[in-house]
Amino acid sequence: MNWKHSIISAVALIIVWQVIVITTGVQSFILPSPLKVAKALWFYRELIAEHAWVTIIEVFLGMVIGTTLGILTAIHLATSAAARAILRPILVFSQAVPVFALAPILVLWFGYGIWSKIIMAVLIIYFPVTSAFFDGLMKTPAGYLDLAKTMGATRVRTLWHIRFKAALPSLGSGLRLAAVYAPIGAVIGEWVGASKGLGYLMLLANGRVKIDLMFATLIVLAVLTVCLHLSVDILARRLAKDH
Amino acid sequence: MNAAPGISFAGKASIDGAALFAQITLEIPAYQWTCLLGSSGVGKSTVLRLIAGLETYVEFNGDITASDAQPLTDRVAYMAQSDLLFPWLTVTNNVGIGACLRGEKPDTERAAQMIKRVGLSDHANKKPAALSGGQRQRVALARTLMENRPVILLDEPFSALDAKTRAEMQELAAELLADRTVLLVTHDPAEAARLAHSGYVMQPDQLIPMDMPTTLPARSIDDPQTLTTQNALFHFLRTGAQ
Ligand SMILES: Nc1ncnc2c1ncn2[C@@H]1O[C@H](COP(=O)(O)OP(=O)(O)OP(=O)(O)O)[C@@H](O)[C@H]1O
Ligand SMILES: [Mg+2]
């Protein structure tokens, strides 16, 4: 997918949207026209920007903290058989709990502020990052490890210079998944209980029947998500550059 | 480099109680190339890995001793069919990886010398992906030289190369590893006939010594004695009769 194609798709989507609005005569509180949404986007730009900023912070911190915890857990699992025996079943079992269902509890515990959303994002991306990176660390080509052994390598240096480096493409795959899930986590957190953020703004606009604002917010959220995917994709490619 | 020891390998191996090979004794003389041939799965790589102190799938029952009675740890270098170069490191850094893995100061000057000896000075800053299979195997040889170990264990190191590159690599390796104790596992009778001072065919129940040329390796491909040996080895591998 390159830029040209993306722009063509976006334009096509807007045209289809406009055509639907004209031909079906649908009420603007059900589906406002693209023009109306564009006007709302401009009119409410400061309000949207303010809320967008909050969501960006939540997603960013969620990604950073979740990825860091995931990397540390994966290393711990990969280097300690005891940790594998104890932690892995817990990790897998924890996946049986739908994380979204925890949102109300997180809001209860961590309040209406950004932290309940950050923790939501962290919880959602923690498992994909951990398991992707852990798999990468465990499938280091055996020949590399043989070579390191005959060279008299230390365990820590083998981990860092060989296993870690060889697992970077797997970490990249984990990050790609995280980029998909983190915004979902933050927005659901905002729906459940918040006073800021794009998810909150959507609900607010809906409640006040400002459907054009709701759609404008949705579009900003979509654009932000696409930007996140693109930047994580670049990062993931860099990690896998020489493999 | 320290003096190269001879190695004596004596023992038997089994997998889950089933014998892989019966009691064999392999004497690897110091400063010589010893070649191990034999059919697939008979346990050649296993012997080599046991000497290298690497993990195997077998229960080994026996002794591996150096002629100077010192442990072999930190005295062996290992080269396999796959070059085992790290794709994210340049040629120079691949050659120097040993020091890096041990936490020693990298000796880039010596690395450059080794790269020069295998004729890759123009490629020192490239990544392995930018090299041919033959060039990559040269880098692996430079890395082996860099380690400066007196005992070298080679497991089919040239088998993935085309005939011409393989012949060149054989000559280069014979020249650069002439002053060490070398165990070479190979499927190629021609390679054995060119490179080895002594050769054995491994079978599940015994190790059969082969007559090798008396001239010095690396022998020329069309040397009559080498050709005779090559034919004899080939004949033995096919028919089991000398
Ligand atoms: N990954 C493995 N899992 C289980 N058993 C194995 C594995 N690799 C090797 N073995 C067993 O060890 C035996 C000896 O293998 P080894 O690699 O030493 O043979 P080889 O003589 O080097 O064969 P080749 O010429 O094909 O390299 C094999 O017959 C096989 O039964
Ligand atoms: Mg083998």
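Lettering of chains follows the sequences in order, A, B, ..., and the numbering in each one begins at 1.
A salt bridge links B/Glu171 with B/Arg194; the closest basic N to acidic carboxylate O contact falls under 4.0 Å. The pair B/Arg102-B/Asp74 does not meet the salt-bridge criterion, since no charged nitrogen lies less than 4.0 angstrom from a carboxylate oxygen.
Relative to the six-membered ring of A/Trp160, A/Lys165 meets both conditions, a distance below 6.0 Å and an angle of at most 45° to the axis.
Interface residue B/Leu85: only backbone heavy atoms are found under 4.5 Å from chain A. With a 4.5 angstrom heavy-atom cutoff, A/Ile162 touches chain B via backbone and side-chain atoms both. Both the backbone and the side chain of A/Ala166 come within contact range of chain B, judged by heavy atoms closer than 4.5 Å. Contacts of B/Arg75 with chain A are absent, with no heavy-atom separation under 4.5 Å from either backbone or side chain.
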> Going through the checks in order, is the salt bridge (charged side-chain N to carboxylate O under 4.0 Å, His left out) test met by B/Glu59 and B/Lys12?
Replying inline: CA-CA 8 Å; B/Glu59 300 94 57; B/Lys12 57 186 177 183; over 6 Å; no
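Ranked by heavy-atom pairs under 4.5 Å with chain A, the first of B/Met79, B/Glu55, B/Glu147 is B/Glu147. Counting heavy-atom pairs closer than 4.5 Å to chain A, the top residue among B/Ala80, B/Gly98, B/Pro128, B/Cys100 is B/Cys100. In terms of heavy-atom pairs under 4.5 angstrom with chain B, the leader among A/Leu147, A/Thr154, A/Leu145 is A/Leu147.
Residue A/Arg88 qualifies as open at atom CZ: its count of foreign heavy atoms under 6.0 Å is 12 or below.
A donor atom on one side chain and an acceptor atom on the other are not found under 3.5 Å apart for B/Thr90 and B/Asn125.
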